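What follows is a single structure, written as structure tokens, with notes after it.
Sequence lines set the chain letters: A, B, ... in the order given, protein chains first and strands last, and positions in each chain run from 1. Since this is a predicted model, take the numbers as computed values, not measurements.
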Number of protein chains: 2
Amino acid sequence: MPQGSVSRKVRAAQTRAALLDAARGLFSERGYLNTKITDITAAAGRSTGSFYEHFAGKEELLQALLAEMEGAIDTRMRGLEHPRDHDLTDREQLRDHLDVAWTVMRQNRPVALALFQAMVADDPGTGRAWRDLREQTSTIREHLEYLVERGHRLPGDPEFVAASMGAMLVTLNYALLTPPGGEDAPDVVDTLTDLLLYGLTGPAPRAADGT
Amino acid sequence: MPQGSVSRKVRAAQTRAALLDAARGLFSERGYLNTKITDITAAAGRSTGSFYEHFAGKEELLQALLAEMEGAIDTRMRGLEHPRDHDLTDREQLRDHLDVAWTVMRQNRPVALALFQAMVADDPGTGRAWRDLREQTSTIREHLEYLVERGHRLPGDPEFVAASMGAMLVTLNYALLTPPGGEDAPDVVDTLTDLLLYGLTGPAPRAADGT
DNA sequence: GTCTATAGGCAGATAGAC
DNA sequence: GTCTATCTGCCTATAGAC
């Protein structure tokens, strides 16, 4: 393989990375929908035409960002078992799950923001919103199904309950991208944990027996 | 006042109403973001120029639709007292509130859809998402504040808890605009009531005393 | 107030030289 | 692969006749 060819590949990869980086920055600043392809190429210091050598359009670039993020998460999670039999009615375990989800969204702000906007901007008839919600909550759903199998009684269908939890999380994350009080509320995860675990009635002393 | 002038006013009102009607239909079919002003005028059987005689733009038309909806609700609710001291930890009262909210969104599908898309499409930096969520949940927030005043312990700040409940509601509504299984799930309100009231642990037997 | 016609401004996407 | 240049289509918004 000739050297020139290698160098070419490297430069191509650099351009691709530059586009992805620029996109992240712009998505975070102005949002996904308000960012034009020409904005991205300009910020990356590349030409408009160069963009289409790497991505068919903005949506495909977003999928690439998503893949990158998922790759990074998988790497960090490597080796950590994630068995199906977590008990989400255990406060610590529920809190862990919510904390991971929240942290991932916060640490990947541009991607989370863009995915949410893309989900909502899509023609509602396509059903993308429900599909996205469903996919993003598949882990929670499995844990809930496990609970049901063990005889626990949930407020409703596990799939729907999981989607409801996800809807709350992603929408709050979006709404809090610009923190209302200036700084990010520190106890979001704890509050949501308690709300989802015990509801408005709050943790209450249980009867001794399981009647 | 001359007759010609009256007739003119009437026709203007008809055009305005036709535009609003057409917008409702198109928003419901294709969504707010994908509907162009020219689509609305075409569907209403009017010219493009006519639109700007009544609205400065699409967003202003949406605000008009919102005002219309709120007017209709106020009319229906006229005479019904809505005191601040509702107890949302009472299942029936919480269910009633969620049911009203859900029914309003379902019966005003185009407006609810459009408002949600408009909220998300706005530049995130404006903080519109949080503001909208806050406003739409002001009633719930007041009830929760009332509970806190009476000594009840909530999972967190009433404003944030109310916003969380609202986030869940409006996002699920949006995701379920195209029902996944074909028909609309009938027990959405009941499931959300139980989830928000008791959480994942479900209603449980309480201890006899309040220790 | 409503119409026709059009100006004007993007922004997506491609052609062709290097 | 990357660039410059451009074409194309779409949509907002206005001008001017009726």
Side-chain angles (χ1 to χ4, degrees), chain A residues 1-27 29-65 114 117-118 121-123, chain B residues 1-27 29-65 114 117-118 121-123:
Chain A
M1 192 176 279
Q3 280 196 348
S5 169
V6 170
S7 178
R8 191 174 196 166
K9 275 188 186 171
V10 170
R11 299 195 53 175
Q14 284 175 340
T15 294
R16 191 186 143 95
L19 290 172
L20 289 172
D21 262 5
R24 257 191 292 263
L26 290 169
F27 290 171
E29 286 173 29
R30 322 178 186 176
Y32 172 74
L33 297 176
N34 286 329
T35 298
K36 310 306 169 193
I37 291 179
T38 46
D39 297 334
I40 298 173
T41 53
R46 311 292 156 130
S47 70
T48 309
S50 207
F51 180 93
Y52 295 94
E53 194 65 34
H54 298 278
F55 309 102
K58 205 167 60 164
E59 175 74 29
E60 196 177 293
L61 180 144
L62 174 56
Q63 293 306 319
L65 280 181
Q117 283 196 325
D122 244 39
D123 198 309
Chain B
M1 191 176 278
Q3 281 197 348
S5 169
V6 170
S7 178
R8 190 174 196 167
K9 274 187 185 172
V10 170
R11 298 195 53 177
Q14 284 175 342
T15 295
R16 193 187 141 94
L19 290 172
L20 289 173
D21 261 5
R24 257 190 291 263
L26 290 169
F27 290 171
E29 286 172 28
R30 323 179 185 174
Y32 172 75
L33 297 176
N34 286 328
T35 298
K36 310 305 169 190
I37 291 179
T38 46
D39 298 333
I40 298 174
T41 53
R46 312 293 157 128
S47 70
T48 309
S50 207
F51 180 94
Y52 295 93
E53 194 65 34
H54 299 277
F55 309 103
K58 206 168 57 164
E59 176 75 29
E60 197 178 293
L61 180 145
L62 174 56
Q63 293 306 319
L65 281 181
Q117 283 197 325
D122 243 39
D123 199 308

Could you check how far [atom1] of [X] sits from [atom2] of [N], rounded to whole Å?
| X | N | atom1 | atom2 | result |
| --- | --- | --- | --- | --- |
| A:Leu33 | C:dC10 | CG | C1' | 16 Å |
| B:Lys9 | C:dT2 | NZ | P | 14 Å |
| B:Phe55 | D:dT12 | CZ | C1' | 16 Å |
| B:Arg8 | C:dT2 | CZ | C1' | 9 Å |
| A:Phe51 | D:dT2 | CZ | P | 13 Å |
| A:Asp39 | C:dA11 | CG | P | 7 Å |
| A:Glu53 | D:dG1 | CD | P | 5 Å |
| B:Arg16 | C:dT2 | CZ | C1' | 17 Å |

Could you state the interatomic distance from [atom1] ([X]) to [atom2] ([Y]), rounded to the nearest 0.5 Å?
| X | Y | atom1 | atom2 | value |
| --- | --- | --- | --- | --- |
| A:Asp39 | A:Lys58 | CG | NZ | 9.0 Å |
| A:Phe27 | A:Leu61 | CZ | CG | 5.5 Å |
| A:Asp123 | B:Leu33 | CG | CG | 10.0 Å |

Practice task
Considering just the side-chain nitrogens and oxygens of A:Ser50, establish if one lies under 4.0 Å of OP1 or OP2 belonging to D:dG1.
Solution key: no

Practice task
Give a yes or no on whether a salt bridge exists between B:Arg24 and B:Asp21, defined as a side-chain N under 4.0 angstrom from a carboxylate O.
Solution key: yes

Practice task
Keeping to residues at least two apart or across chains, list the ring pair (Phe, Tyr, Trp, His ring centres under 6.0 Å) pairs with something in residues 38-62 of chain A.
Solution key: A:Phe51-A:Phe55

Problem - Residue pairs passing the side-chain hydrogen bond (donor to acceptor under 3.5 Å, both in side chains) test where at least one lies in residues 40-50 of chain A, sequence neighbours excluded - result: A:Thr15-A:Arg46

Fill in the blank from the handout: The contact string for nucleotides 12-18 of chain C, one letter per nucleotide 5' to 3', using protein heavy atoms under 4.0 Å with B, S and - for base, sugar-phosphate only and none, comes out as SBB----

